[in-house]
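Remember, it's a predicted structure, so these values are computed and weren't measured experimentally.
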2 protein chains.
Amino acid sequence: MNEGVEWALHSCVNLCFIPGEAVTAKRLAAFYELPTAYLNKQLQALTRAGILSSTSGPKGGFQLARRPEKISLLDVVVAIDGADDAFRCTEILKAGPGADSKADYRKICLVSQAMHKAELTYRRELSGQTIADIVAQVEQTYPDTAGNTRRWFANLKS
Amino acid sequence: MNEGVEWALHSCVNLCFIPGEAVTAKRLAAFYELPTAYLNKQLQALTRAGILSSTSGPKGGFQLARRPEKISLLDVVVAIDGADDAFRCTEILKAGPGADSKADYRKICLVSQAMHKAELTYRRELSGQTIADIVAQVEQTYPDTAGNTRRWFANLKS
DNA sequence: ATAACCTAGATACTAAATATCCAGAATCCC
DNA sequence: GGGATTCTGGATATTTAGTATCTAGGTTAT
């Protein structure tokens with residue numbers, strides 16, 4: 001899985017701590033010492049996916065496009081990493097003896113189905129967790145984090 | 001995920017159709033027109049994991065090391081693809097402000113935990129399905145496959 | 001003894017992930 | 001209007017991981 005998923009999730013959490021304000025890619029990158037241009041690419045992907053909204057120009061930047069309760073971890077994973085299953089069925093059976101060249105083995109191959117079934121539970125679990133859940137857990141487990149993060153971004157702004 | 005997982009799963013299923021007999025890497029590869037040397041590498045990994053047993057020399061080859069009911073899909077995936085989570089926590093928080101350099105963020109980071117939780121459901125689902133399950137489904141859904149496969153390997157042997 | 005076969009490490013090739021750069025468009029502020 | 005800031009998107013370079021082959025060595029059946 002793409003490392004950008006980790007960056008994106010943490011960035012979404014951080015944006016929750018700075019509501020109603022656009023944050024530049026540069027500042028989001030500086031928070032974790034990430035390469036700005038590359039993080040920017042992930043933020044663009046989140047924007048295209050409708051998870052973030054962006055504004056150009058001075059005072060511009062990124063912010064959450066909808067409430068964090070409405071952003072599942074799956075939304076973020078799909079936006080950055082794509083919607084493909086980790087197990088990619090290459091229709092190996094097509095090369096086997098007695099293969100039906102017209103058949104779609106991604107559908108009818110039982111190995112493929114079994115792997116896909118597991119993948120579905122993974123996605124279901126990811127879609128059941130939201131950015132808001134993470135934020136709530138952070139606030140409960142590390143009560144200082146929200147304030148510290150807000151302060152860090154406020155200071156860097158000047 | 002490594003393409004070898006697909007090859008390994010199908011090869012294990014095929015080995016179920018030819019019980020008590022060692023099958024060479026070459027023949028297993030020929031069945032799906034796979035590169036022999038590379039499939040051999042996956043078979044070796046399965047052997048190291050204790051899923052297959054191998055015998056050298058003429059009449060040698062690979063066979064299941066234990067009954068297919070005792071081989072879960074997770075066993076095969078781990079043998080080929082490794083035990084690492086798809087989501088790899090790079091401990092991004094260590095570079096953030098106020099980080100604890102001694103902390104193991106793979107454990108305490110809530111983003112990491114959330115992703116890992118989903119991964120666990122995936123693995124649980126994979127470990128709940130066995131090669132025997134797949135074989136049973138194949139025999140039910142495609143009744144000719146077992147016989148055809150057996151026959152193909154028998155013919156090629158000569 | 002020879003041929004068939006697995007083992008394991010070295011090596012080459014290819015695709016994907018990671019990272020940077022630049023020209024263009026939008027926006028703010030003076 | 002003009003300059004500065006920032007996002008957008010495509011082009012490009014770099015690095016890493018996946019795919020694939022090869023070779024030397026060990027094991028075993030005939």
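- Proximity of B:Arg48 to the phosphate of C:dA8: a side-chain N or O atom is located under 4.0 Å from OP1 or OP2.
- Contact check, A:Ser54 against D:dT8: a side-chain N or O comes under 4.0 Å of OP1 or OP2.
- Between the C1' atom of C:dA10 and the CD atom of B:Gln44 lies a distance of 14 Å, rounded to the nearest Å.
- Linking Ile, Leu, Val, Met, Phe, Trp and Tyr whenever their side-chain heavy atoms come within less than 4.5 Å puts B:Ile108 and B:Phe87 in one cluster.
- Closest heavy-atom contact between B:Tyr122 and A:Ala118: CD1-O, 3.3 Å.
- In terms of modelled atom types and a separation under 3.5 Å, the side chain of A:Gln129 and the main chain of B:Ala114 share a donor-acceptor contact.
- Looking at every heavy atom in both residues, A:Ala45 comes nearest to A:Ala79 through CB-O, 3.8 Å.
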Every protein N/O lying under 3.5 Å from an N/O of nucleotides 13-16 of chain C:
none

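- Computed from coordinates, the B:Asn40 CG to C:dG9 P distance equals 14 Å when rounded to whole Å.
- Looking only at distances, no side-chain donor or acceptor of A:Asn2 sits under 3.5 Å from a matching main-chain atom of A:Asp81.
- The CD1 atom of B:Ile80 sits 13 Å away from the C1' atom of D:dG18 (whole-angstrom rounding).
- For B:Thr24, the listed nucleotide lying nearest its side chain is C:dC5; candidates were D:dG9, C:dC5, C:dC29.
- Although no hydrogens or angles enter the test, the distance criterion places a donor-acceptor pair under 3.5 Å between the side chain of B:Glu91 and the main chain of B:Tyr105.
- Heavy atoms of B:Ala22 sit nowhere under 4.0 angstrom from any nucleic acid atom.
- Between B:Phe62 atom CZ and D:dT27 atom C1' there is a gap of 13 Å when expressed in whole angstrom units.
- Distance CG (B:Leu28) to C1' (C:dC6): 13 Å, rounded to an integer number of Å.
- The CG atom of B:Leu93 sits 4.5 Å away from atom NE2 of A:His10, with the distance rounded to the nearest 0.5 Å.
- The nearest whole Å value for the distance from the CG atom in A:Leu46 to the C1' atom in D:dT8 is 15 Å.
- Atom CG in B:Leu43 sits roughly 10 Å away from atom C1' in C:dC6 (whole-Å rounding).
- Closest approach of A:Leu74 to A:Arg123, counting heavy atoms only: CD2-O, 3.8 Å.
- B:Thr145 and B:Asn148 form no side-chain donor-acceptor contact under 3.5 Å, judged by distance and modelled atom types alone.
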Give me the distances for all protein-to-nucleotides 19-26 of chain D N/O pairs that come in under 3.5 Å?
| from | atom 1 | to | atom 2 | distance (Å) |
| --- | --- | --- | --- | --- |
| D:dT19 | OP1 | B:Glu3 | N | 3.4 |
| D:dT19 | OP2 | B:Asn2 | OD1 | 2.7 |
| D:dT19 | OP2 | B:Glu3 | N | 3.4 |

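- Distances were taken from every side-chain heavy atom of B:Lys59 (C-beta onward) to each of D:dA29, D:dT8, C:dA8; the shortest belongs to D:dA29.
- Note: NZ (A:Lys26) to P (D:dA4) measures 14 Å, nearest angstrom.
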